[in-house]
Participant: 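Below are the structure tokens for one structure; questions will follow.
Note that the structure is predicted; figures quoted are calculated from it, not measured. Lettering follows sequence order; numbering is per chain, from 1.
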Amino acid sequence: MLIATWNVNSIRTRLSQIIDWINQVNPDILCLQETKVMDDNFPVEPFEKLGYSLEIYGQKSYNGVAIISKIKPENVKKGFNGCTESNQNSEIFLDQKRLISADINGIKIINVYVPNGSSLDSSKFAYKINWLNCLSSFLDEQEKKGELICLMGDFNVAPSNLDIHDPKKYEGGIMASEIERNALKNVLKKRLIDSFRIFEQNTGHWSWWDYRNNGFELNKGWRIDHIYISKELTSKLKSCVIDCSPRGNLRPSDHAPVMIELNLNGINEDFFEDEDNFFEI
DNA sequence: ATGACGAGCTGCGCTCGA
């Protein structure tokens, strides 16, 4: 089963590129972020023609997430429920469409668009940390229910300095601060594993390049789009790949898709039988 | 290299993103 995540920076502007990519890659599940459109205006037909079901949670201009799946998603939930964070009822918190989850093939698929946070002294930064704390509570609930989890999306956090092209310049700033990294760790705890880092421990792999200053051409990127899976699923994980090719398209999204392959019928024994092969996050 | 790019809006310049 091929599972992908992609911040497309407008579903309508990127539609033909997304359809082309689906035709090349044939994912079973594709989670999108930054669709930037209200549900009534989401272009569902091109995906339905290819045999996909859609679950969408969008808003005008900003944010917006969607799950596109060959198997019809069940138990679809939009946004948080039961978050105990202090400002959970504020208008801004409820208005931003950043999370959608569903059960597919026995796995709890959680698609997130984590707030960027702007800068460390911004009120948006406090919102980002608060949002991540709510996500942590949300995952606590899922863990209590014994769910197998695949948590993916645009996290707007580089988990370590390996995930930044110029750590000396950016360490400690937005997307690379200890506060954000600790908030992300508190979401993952020890229960969720970074799929990409199981296969690749070196720096130099990015999922986002700034539109400005020839970021992609100069390969000055960040790895901020992630697929985290329950420890119990790692025995079924065959690969995790960042597909940089769509970033080279004309009028691209600034993010590249990230995808994993899960072999739900078999176990990849040669690597995962040894507990020591699990990496610290 | 962050005013420097790109998207959306009811637009003809602004806000926002990362």
Participant: Which value, in whole Å, describes the distance between the P atoms of nucleotides B/dA1 and B/dT15?
Facilitator: 26 Å
Participant: Between A/Lys97 and A/Asp39, is the closest basic N to carboxylate O distance under 4.0 Å?
Facilitator: no
Participant: What do you reckon, is CD of A/Glu74 surrounded by more than 12 foreign heavy atoms closer than 6.0 Å?
Facilitator: no
Participant: Please report, rounded to the nearest Å, how far the P atom of B/dG8 is from the CE atom of A/Met38.
Facilitator: 13 Å
Participant: Any donor and acceptor pair, going by atom type alone, linking the side chain of A/Lys78 with main-chain N or O of A/Gly58 inside 3.5 Å?
Facilitator: no
Participant: Could you tell me how far apart A/Gln59 (CD) and B/dC9 (P) are, to the nearest whole angstrom?
Facilitator: 11 Å
Participant: Please give, in whole Å, the distance from B/dA7 C1' to A/Leu15 CG?
Facilitator: 15 Å
Participant: Give a yes or no on whether a salt bridge exists between A/Asp140 and A/Arg191, defined as a side-chain N under 4.0 angstrom from a carboxylate O.
Facilitator: yes
Participant: Give the rounded distance in Å between these two atoms: CG of A/Asn249 and C1' of B/dG6.
Facilitator: 15 Å
Participant: With distance as the sole test, does A/Asp163 use its side chain to make a donor-acceptor pair with the main-chain N or O of A/Trp222 at under 3.5 Å?
Facilitator: no
Participant: Provide, to the nearest angstrom, the distance between the NE2 atom belonging to A/His165 and the C1' atom belonging to B/dA1.
Facilitator: 11 Å
Participant: How many whole angstroms separate atom CG of A/Asn214 from atom C1' of B/dT2?
Facilitator: 14 Å
Participant: Taking atom P in both B/dG6 and B/dT10, what distance in whole Å separates the two?
Facilitator: 23 Å
Participant: Roughly how many Å apart are B/dA18 and B/dC14, using the P atom of each and rounding to a whole number?
Facilitator: 22 Å
Participant: Check the distance between B/dT2's C1' and A/Lys169's NZ and give it to me in whole angstrom.
Facilitator: 8 Å
Participant: For a quick test of reading the model: is some side-chain N or O of A/Arg251 closer than 4.0 Å to OP1 or OP2 of B/dC5?
Facilitator: no
Participant: Does A/Ser230 reach the main-chain N or O of A/Glu232 with its side chain, forming a donor-acceptor pair under 3.5 Å?
Facilitator: no
Participant: With A/Pro43, which residues qualify under side-chain contact (heavy atoms from CB on, under 4.5 Å), at least two apart?
Facilitator: A/Ile11, A/Arg12, A/Leu15, A/Pro46
Participant: Could you tell me the separation between the CH2 atom of A/Trp209 and the C1' atom of B/dT2, rounded to a whole number of Å?
Facilitator: 19 Å
Participant: Determine the Euclidean distance between corresponding C1' atoms of B/dG3 and B/dG13; express it in Å to zero decimal places.
Facilitator: 13 Å
Participant: Using a 4.0 Å heavy-atom cut-off to protein, can you give one letter per nucleotide of nucleotides 12-18 of chain B, 5' to 3': B if the base is in contact, S if only the sugar-phosphate is, - if neither?
Facilitator: ----SBB
Participant: Measuring only the C1' atom in each nucleotide, how far is B/dG11 from B/dC16? A whole number of Å is fine.
Facilitator: 15 Å
